[in-house]
K.L.:
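Quick one: this structure, given as structure tokens, is what I'll be asking you about.
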Amino acid sequence: MSDEASAIPSGADPAPETLHGAVLVGVVPGQPARVIKEAARYAQLLHAELLVVHVDVTRFVTYEDPDGYVHAAPVEMTTDAGSADLAAVTALASAALEGRGIRWSVRQLVGDPALAIKHLADDLDARLIVVGTRRRGFGESIREFFTGAVAARLAHRQHRPILVVPLGEPVADDQDIWPDSAS
């Protein structure tokens, strides 16, 4: 998509050759636009297209056809959170990238965020992967203990550079990064 969001119809993927060497940015709804803006800056520096990626964790891959088409099923049959999240991510990207003059598009993946982004980066021979940090707090530290941070998991499972954009206020040197609930 261009910054006018008219080059590619909504829901359509651009031709794979235009995304070869793209900068990928993982985005979740409600995330500060800073992550997308930093990714756009690097896409401009690298003369690459920007691909905004949202991973729907409410669905999982059931199987993949030989031609690459992925069949997915929802974790819970009564929810369609993925389409609402994709709309929110698309709106966030449109607002953050307005007037930047770069080609960009949005794609939704399913399953485990680190693995889904890794496989897409491999398919497109991405030049850079950009992700934001998580919010601090007890709930997030427990979740990361069990699932691992997406950035850390990407760093150990593929060879591309990863830009981790800090979100929120920096933690003081003498402060615990992941405070427990007793504090």
Side-chain angles (χ1 to χ4, degrees), residues 1-16 18-19 22-44 48-62 64-65 68-121 123-124 126 128-135 137 139-140 143 147 149-151 153-154 162-168:
M1 260 183 220
S2 67
D3 58 338
E4 293 86 27
S6 62
I8 299 162
S10 178
D13 285 332
T18 67
L19 291 175
V23 170
L24 303 184
V25 57
V27 180
V28 295
Q31 184 175 8
R34 179 175 182 214
V35 177
I36 295 173
K37 289 177 180 178
E38 285 293 326
R41 187 165 70 94
Y42 279 88
Q44 286 175 316
E49 183 149 339
L50 178 64
L51 182 57
V52 178
V53 177
H54 172 261
V55 182
D56 182 358
V57 296
T58 67
R59 294 187 305 157
F60 62 95
V61 176
T62 55
E64 187 173 343
D65 286 339
Y69 182 79
V70 175
H71 298 266
V75 173
E76 186 177 321
M77 299 304 278
T78 60
T79 183
D80 191 21
S83 57
D85 287 350
L86 181 60
V89 166
T90 302
L92 176 65
S94 292
L97 298 171
E98 183 177 349
R100 290 201 171 249
I102 65 168
R103 288 189 47 82
W104 63 278
S105 56
V106 177
R107 183 175 296 179
Q108 186 172 51
L109 306 173
V110 298
D112 176 272
L115 293 177
I117 292 171
K118 174 206 177 292
H119 290 300
L120 180 60
D123 290 346
L124 301 177
L128 175 69
I129 299 172
V130 181
V131 294
T133 57
R134 294 279 217 150
R135 294 184 194 116
E140 291 302 323
R143 181 183 338 232
T147 64
V150 171
R153 293 177 61 224
L154 281 167
I162 301 166
L163 173 64
V164 181
V165 180
L167 301 175

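In this text, all values refer to a predicted model and were calculated from it rather than measured experimentally.
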K.L.:
Not counting sequence neighbours, which residues clear salt bridge (Lys or Arg N to Asp or Glu O under 4.0 Å) with R34? List them please.
P.N.:
none
K.L.:
If you take all heavy atoms of V57 and G111, which pair is closest and at what distance?
P.N.:
CG1-O, 3.5 Å
K.L.:
Under a 3.5 Å distance rule, please check whether Q31 uses its side chain to pair with a backbone N or O of I36 as donor and acceptor.
P.N.:
no
K.L.:
Of all heavy-atom pairs between I102 and A40, which one has the smallest distance, and what is that distance?
P.N.:
CD1-CB, 3.7 Å
K.L.:
Does A126 have any side chain to side chain contact (heavy atoms under 4.5 Å, CB included) partners at least two apart in sequence or in another chain, and if so, which?
P.N.:
L24, A121, R160
K.L.:
Within the structure provided, determine whether V89 and V52 are in side-chain contact (heavy-atom separation under 4.5 Å).
P.N.:
yes
K.L.:
So, for P113 and V150, which heavy atoms are closest and what is the spacing to 0.1 Å?
P.N.:
CB-CG2, 3.9 Å
K.L.:
Are R107 and L51 close enough that some pair of their side-chain heavy atoms sits under 4.5 Å apart?
P.N.:
yes
K.L.:
Find the distance between CG (D85) and OG1 (T90) and round it off to the nearest 0.5 Å.
P.N.:
10.5 Å
K.L.:
Who pairs with A33 by side chain to side chain contact (heavy atoms under 4.5 Å, CB included), at least two apart in sequence or on another chain?
P.N.:
K37, L92, A96
K.L.:
Looking at A43 and L50, what are the two nearest heavy atoms and their distance?
P.N.:
CB-CB, 4.1 Å
K.L.:
Applying side chain to side chain contact (heavy atoms under 4.5 Å, CB included) between L163 and each of L128, V23, V25, V35, report the one that passes.
P.N.:
L128
K.L.:
Out of the candidates H119, R153, K118, only one should pair with D112 under the side-chain hydrogen bond (donor to acceptor under 3.5 Å, both in side chains) rule; please name it.
P.N.:
R153
K.L.:
Applying side chain to side chain contact (heavy atoms under 4.5 Å, CB included), name anything that partners V164, two or more places apart in sequence or on another chain.
P.N.:
V131, T133, A151, I162
